[in-house]
There are 2 protein chains.
Amino acid sequence: MSETENISSDDVLKLHLDEVIELLRKQELEETVLQHQPMPHHELVETLMHKQHQAALKQKLDQLHTADIAYILEALPLEQRLTVWNLVKSELDGQILLDVSDAVRETLISDMDAEELLTATEMLETDEIADLAPDLPEEVMLELLKHLNEENRARLESVLAREEDTVAALMDFGMVTIREDVTLRVVLRYLRRRGDLPDHTDKLFVVDENDILQGVLSLKRLLVNSLDATVGDVMSRDVVYFHLDDDAAEAARAFERYDLLSAPVVDERRCLQGRLRVDSIVDYIRERSDEERLAQAGLKEEEDLFSGIWKSAQNRWMWLAINLVTAFASTRVIGLFEDTIVKIVALASLMPIVAAIGGNTGNQTSILIVRSLALGLITKANVRRLITKEIAIGLMNGVVWGSVIGGVAYLLYRDIPLSLVMAGATLLNLMVAAIMGISIPLIRHALDKDPAVGTSVLLTAVTDGAGFFIFLGLATVFLL
Amino acid sequence: MSETENISSDDVLKLHLDEVIELLRKQELEETVLQHQPMPHHELVETLMHKQHQAALKQKLDQLHTADIAYILEALPLEQRLTVWNLVKSELDGQILLDVSDAVRETLISDMDAEELLTATEMLETDEIADLAPDLPEEVMLELLKHLNEENRARLESVLAREEDTVAALMDFGMVTIREDVTLRVVLRYLRRRGDLPDHTDKLFVVDENDILQGVLSLKRLLVNSLDATVGDVMSRDVVYFHLDDDAAEAARAFERYDLLSAPVVDERRCLQGRLRVDSIVDYIRERSDEERLAQAGLKEEEDLFSGIWKSAQNRWMWLAINLVTAFASTRVIGLFEDTIVKIVALASLMPIVAAIGGNTGNQTSILIVRSLALGLITKANVRRLITKEIAIGLMNGVVWGSVIGGVAYLLYRDIPLSLVMAGATLLNLMVAAIMGISIPLIRHALDKDPAVGTSVLLTAVTDGAGFFIFLGLATVFLL
């Protein structure tokens, strides 16, 4: 990929998109005309016209950065997307496949035959092939493996064998290694003779004859120190490095904490295996926060903006099904108290309020706990303090909001016992919410499960059920 | 900040924290003993012991990276946090204040007097002072301004005058500028004479005699090209640069799209003003996604894990108040139908289900729309298609889930008309949810407001109210 060529600001990017859409529209318009008025003497002219717009479109695309073409492909409906995709220079195909989202990548790959895929991917780096591998047909992968040299084939196979979300899955192999006994002058000469450096090289990795990592030499130190100094004199020996199996999230935190641009990846013998770059980390952080946000609304995966209705619906169903089960379960509690509701019908319109405010406070607590767990701020030493604090807040909120809600209930129904029941139920449900908001994520964390997943569903089900039960139960005991 | 010294993996970091907590515990234990058994002949020994643990603690802290001390401070309750803070070497104070979260920074600063603050901050870079400025007392800021030279004072004042979330607020001034008519040999000699480069320098900025940006020379090109080439020969002229007032979110997207490590910031005359670095972008992305997640649960700001109960409660109240108002409003609908509920009490336990599934599908739709808006994927050309698609999914979901819910209602109550009303109400409420899920974020976006903020509250209020109204209304019309 070229370093800084053909780049656009957000606004310019939108203009590019508008222009592409306009050209596509013209082309489609002509096709329609062509189909409906098949006069022989016009045919030639119109085919030419059509070709003209196509050429204009192609020319437009040729000027764009691959990341921008990827953006345009994502913003286009399926049939137009494929029209554009077929006009893109085939040597850019591989890079664009890497740049688009998973959902869009699927639609592009399913439009390509094995040969096209092979052409598109055989020029990619090994780590890039590994990123595409899950989406490529087996025959293409087998063919690709044949084209790789032995070192790269071994690398590819080892990356593919690793689990997702490990450092090995994010790393690349663009590393420049040097020995520590040479002088900086020699290093500079070596680099100039290489004639090229891998993208985003900010440091060289210093290894011994067995490829064991000894330290790193930043380009900065290479540039400011005396030419006669040896690499060993000026390199850093206290290096941030990662192991192949390290958790990607942990690596991301280390990149943030220590403001890293790149870091070596080693195996258990400290033998250099690859390089982790900040731009992979940025992509990882963005994807994870995206996934979490989608998961919060129960969306299984990112959706292609223009994927079929059927496919989109399926993406959303699992959550709706779970939600329905919990909703039926928590409202069954209401069924137990139908006699009470018939006698005091005001309970029907007040009970959802008790449930709702319980769900809200519980979610606030659990999000703070999940976040603190993610930042590693919760330890055995401080967890008890934290629980005490959250329960105290729950109690205080219960007294304050219980009084407010009781007061409003009184204004609506002018019934003191009913208002007291409402206030009491709110207080109790807020306590339930605080306790569940702390314990659900802590227990999931203790069981080594992601504390964020499903917490909100479970919590809302409990606070709804408890809210209905406490409120209607108190009403049955005290008001009948 | 040192380049790669004293760094720790996540696990080691937790061990450091445990060790600090253990030392703090021992020290506190001794203090208690000292207070309760004031035997004169022991006093001296115990004071010495106390001093010993304090010395051990100080020694421990001296070995740690500032980012790790910041982590430990965040994980400690207030009084222990201040004990540790007072033991930290004062020359590290400034860097640590930059590393901790806003909430924790407040607690640290409020423990320092003006003189300590001045010592801590006067060694910082201008852009770092700007980051701390909102939290510093005015007298300290005035004193700091006196210490700065004219150029840096002007820079600081101009950064402080800019709005948050602009490029100007994120940039720093660590840039190395060169002219395009010199050879690479001269550049290399110049850098070696400088003896140091700003952190994270991956490219040099090429400017003319008026500081107008001409291009950039990456260290990579500097290292691999012939020494006799001039800067002008090998630099890139087609450069990603930002303006002072550019939106920070837009800059973050450009950094992701083009995998940038740093980029020049210019004014309207293209005159070089500063530098934007990927590590500031990473922090920005992380902070924004954190803020959004907290805002979704209605938390005004990040909370210090150990802030006072009173302060925490206030952080959460605004949202609870809003939620209460919408809950009362949407349940007032139920009040209108109390007569119907008294006659068919099963409605009371079925109505929350219609409301809940509406809220869920609406939130799914709105989150996808908000995300697509954030990625700039929604344009005038495709918005109509998108609306059609979402309504079609709403319709399909309505038919499918309406039938399921109607079926379950039949199993519970063996009442065909009631089940049909339930199914019909679900279908209609899912349509309402789809339409609101699209229109609320689109309208907020069209009005130039953040489409994510408040969408969920508003949406849930509407789907609750509509769910109750449609279900109870249909029941009144068809079942009475």
Side-chain angles (χ1 to χ4, degrees), chain A residues 3-5 7 10 21 67 74-75 77 191-192 195-197 202 219-220 223-224 236 238-240 250 256-259 261 278-279 282 285 289 297 299 303 305 309 312-313 316 320 323 327 331 334-335 338 341-342 345 348-349 352-353 356 360 363-364 367-368 372 377 381 385 392-393 396, chain B residues 3-5 7 10 21 67 74-75 77 191-192 195-197 202 219-220 223-224 236 238-240 250 256-259 261 278-279 282 285 289 297 299 303 305 309 312-313 316 320 323 327 331 334-335 338 341-342 345 348-349 352-353 356 360 363-364 367-368 372 377 381 385 392-393 396:
Chain A
E3 231 170 81
T4 45
E5 261 107 58
I7 42 68
D10 262 32
I21 289 173
E74 295 199 359
L191 294 181
R192 218 166 296 278
D196 193 21
L197 279 177
D202 71 308
L219 295 190
K220 174 174 151 178
L223 286 168
V224 300
S236 323
D238 193 358
V239 179
V240 193
E250 202 178 296
E256 281 179 62
R257 207 159 52 225
Y258 305 120
D259 291 342
L261 295 181
V278 68
D279 55 313
V282 170
I285 292 176
S289 88
L299 293 155
E303 237 174 66
L305 209 52
I309 292 170
S312 293
R316 308 183 192 186
L320 293 183
N323 183 253
T331 53
I334 303 173
E338 285 183 351
I341 293 175
V342 170
V345 72
S349 46
I353 297 172
N360 271 280
N363 271 316
Q364 289 187 332
I367 281 189
L368 286 172
S372 303
L377 289 176
R385 244 182 140 88
I393 296 180
M396 189 164 85
Chain B
E3 231 170 82
T4 45
E5 262 108 57
I7 41 66
D10 261 33
I21 290 173
E74 295 199 0
L191 294 181
R192 216 166 296 280
D196 194 21
L197 280 177
D202 71 309
L219 296 190
K220 174 173 151 178
L223 286 168
V224 300
S236 322
D238 193 359
V239 180
V240 193
E250 202 177 295
E256 282 179 60
R257 208 159 51 225
Y258 304 121
D259 291 343
L261 295 182
V278 69
D279 54 314
V282 170
I285 293 176
S289 87
L299 294 155
E303 236 173 67
L305 209 52
I309 292 171
S312 294
R316 307 184 191 184
L320 293 182
N323 183 254
T331 53
I334 303 173
E338 285 183 351
I341 293 175
V342 170
V345 72
S349 47
I353 297 173
N360 271 279
N363 270 315
Q364 290 186 332
I367 280 189
L368 285 172
S372 302
L377 288 176
R385 244 182 139 89
I393 296 179
M396 187 164 87

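In what follows, chains carry the letters A, B, and so on, assigned in the order in which the sequence lines appear, proteins first and then strands, with residues in each chain numbered from 1.
Here R316(B) is the residue among E74(B), E256(B), R316(B) with the most heavy-atom pairs under 4.5 Å with chain A. Contact tally against chain B (heavy-atom pairs below 4.5 Å) for V342(A), N360(A), L261(A): the top residue is N360(A). Interface check for chain B: of the options R385(A), M396(A), Q364(A), the most heavy-atom pairs under 4.5 Å are formed by Q364(A). Counting heavy-atom pairs closer than 4.5 Å to chain A, the top residue among I393(B), L223(B), L191(B), N363(B) is L223(B).
With a 4.5 Å cut-off on non-hydrogen atoms, V278(A) touches chain B through its side chain but not through its backbone. Of the two parts of V282(B), only the side chain, counted from C-beta on, holds a non-hydrogen atom closer than 4.5 Å to a non-hydrogen atom of chain A. In this structure, the portion of I21(B) lying under 4.5 Å from any heavy atom of chain A is its side chain and not its backbone. Of the two parts of I367(B), only the side chain, counted from C-beta on, holds a non-hydrogen atom closer than 4.5 Å to a non-hydrogen atom of chain A.
Using a 4.5 Å heavy-atom threshold, the side chains of L219(A) and L197(B) count as separate. For the pair S289(B)/I285(A), no side-chain contact is recorded, criterion being any heavy-atom separation below 4.5 Å from C-beta on. No side-chain heavy atom of D202(B) sits less than 4.5 Å from a side-chain heavy atom of D202(A).
Shortest non-hydrogen contact noted between I334(B) and P352(A) is CD1-CG, 3.9 Å. Here the closest non-hydrogen pair linking D196(B) and V224(A) is N-CG1, 3.7 Å. Minimum interatomic distance between A356(A) and A327(B) (heavy atoms only, all atoms of both residues): CB-CB, 4.5 Å. The heavy-atom pair separating I309(B) from A392(A) by the smallest distance is CD1-CB, 3.3 Å.
In this structure, CD1 in I353(B) is found 3.5 Å from OG1 in T331(A), a value given to the nearest 0.5 Å.
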